[in-house]
Amino acid sequence: MELSLRMEQVIAMAETCSAAADVGCDHGYVAMELIRRKIAEKVIAMDVRPGPLSRAQEHIEREHLTGQIQCRLSDGLEKLQPEEVQEIIIAG
């Protein structure tokens with residue numbers, strides 16, 4: 001999968017952590033790359049719209065990353081617990 005320059009720049013700004021949140025994850029590509037590149041051990045992919053979140057879930061399942069990426073229907077940070085992640089990406 002080839003990422004856009006914008007997505008590459010977003011990923012390049014992320015710091016290594018045990019858990020990250022991708023808020024407004026859309027297709028889930030950033031969340032998947034955080035795992036693939038070992039930037040995060042776990043990612044919570046969040047979106048306010050069910051359609052994009054469903055697509056992200058499909059991509060995550062296809063790439064066998066369901067054990068490392070959890071999808072949540074959420075308006076912004078609403079469904080994120082305090083101190084659940086160390087890194088938050090909001091680049092939608």
Side-chain angles (χ1 to χ4, degrees):
M1 164 179 49
E2 191 170 323
L3 298 177
S4 70
L5 178 59
R6 184 183 73 80
M7 285 194 285
E8 286 289 354
Q9 290 174 334
V10 166
I11 292 165
M13 289 188 279
E15 295 190 17
T16 303
C17 61
S18 59
D22 180 9
V23 180
C25 69
D26 196 28
H27 37 59
Y29 294 161
V30 169
M32 292 188 297
E33 283 303 309
L34 291 174
I35 297 295
R36 284 192 189 115
R37 298 179 191 192
K38 300 185 184 326
I39 295 169
E41 296 172 22
K42 171 185 155 186
V43 177
I44 300 170
M46 306 166 78
D47 206 288
V48 69
R49 298 174 299 155
L53 193 62
S54 177
R55 267 193 309 280
Q57 184 68 48
E58 290 172 12
H59 295 153
I60 291 162
E61 289 172 3
R62 184 183 67 223
E63 298 297 319
H64 308 287
L65 296 172
T66 55
Q68 296 163 285
I69 304 174
Q70 179 184 87
C71 290
R72 292 185 190 168
L73 188 62
S74 178
D75 187 356
L77 301 173
E78 183 178 278
K79 302 290 181 178
L80 192 65
Q81 300 301 312
E83 300 183 36
E84 189 172 18
V85 298
Q86 296 78 47
E87 188 80 8
I88 296 175
I89 294 172
I90 304 174

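Cluster membership check: V43 shares its hydrophobic cluster with L3, using side-chain heavy-atom separations under 4.5 Å among Ile, Leu, Val, Met, Phe, Trp and Tyr.
Every residue two or more places apart in sequence or in another chain that forms a side-chain contact (heavy atoms from CB on, under 4.5 Å) with T66 is listed here: Q57, I60, E61. Partners of L73 according to the side-chain contact (heavy atoms from CB on, under 4.5 Å) rule, which considers only residues two or more places apart in sequence or in another chain, are P50, L53.
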Let me have the donor-acceptor pairs involving side chains of residues 29-38, under 3.5 Å, with sequence neighbours excluded, atom names and distances please.
| unit_1 | atom_1 | unit_2 | atom_2 | d |
| --- | --- | --- | --- | --- |
| E33 | OE1 | R37 | NE | 2.8 |
| E33 | OE1 | R37 | NH2 | 3.4 |
| E33 | OE2 | R36 | NH1 | 2.6 |
| R36 | NH2 | E63 | OE1 | 3.0 |
| R37 | NH1 | E8 | OE1 | 2.9 |
| R37 | NH2 | E8 | OE1 | 3.1 |
| R37 | NH2 | E8 | OE2 | 3.0 |

Output a table of donor-acceptor pairs, distance under 3.5 Å, between side-chain atoms of residues 76-91 and any protein atom two or more places apart or on a different chain; print 'none' if there are none.
| unit_1 | atom_1 | unit_2 | atom_2 | d |
| --- | --- | --- | --- | --- |
| E84 | OE1 | R72 | NH1 | 3.0 |
| E84 | OE1 | Q81 | N | 2.9 |
| E84 | OE2 | R72 | NH1 | 3.4 |
| E84 | OE2 | R72 | NH2 | 2.6 |
| Q86 | OE1 | S18 | N | 3.3 |
| Q86 | OE1 | S18 | OG | 2.8 |
| Q86 | OE1 | A19 | N | 2.8 |
| E87 | OE2 | E15 | N | 3.3 |

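Pairs passing the salt bridge (charged side-chain N to carboxylate O under 4.0 Å, His left out) check and including a residue from residues 41-55, sequence neighbours excluded, read D47-R49.
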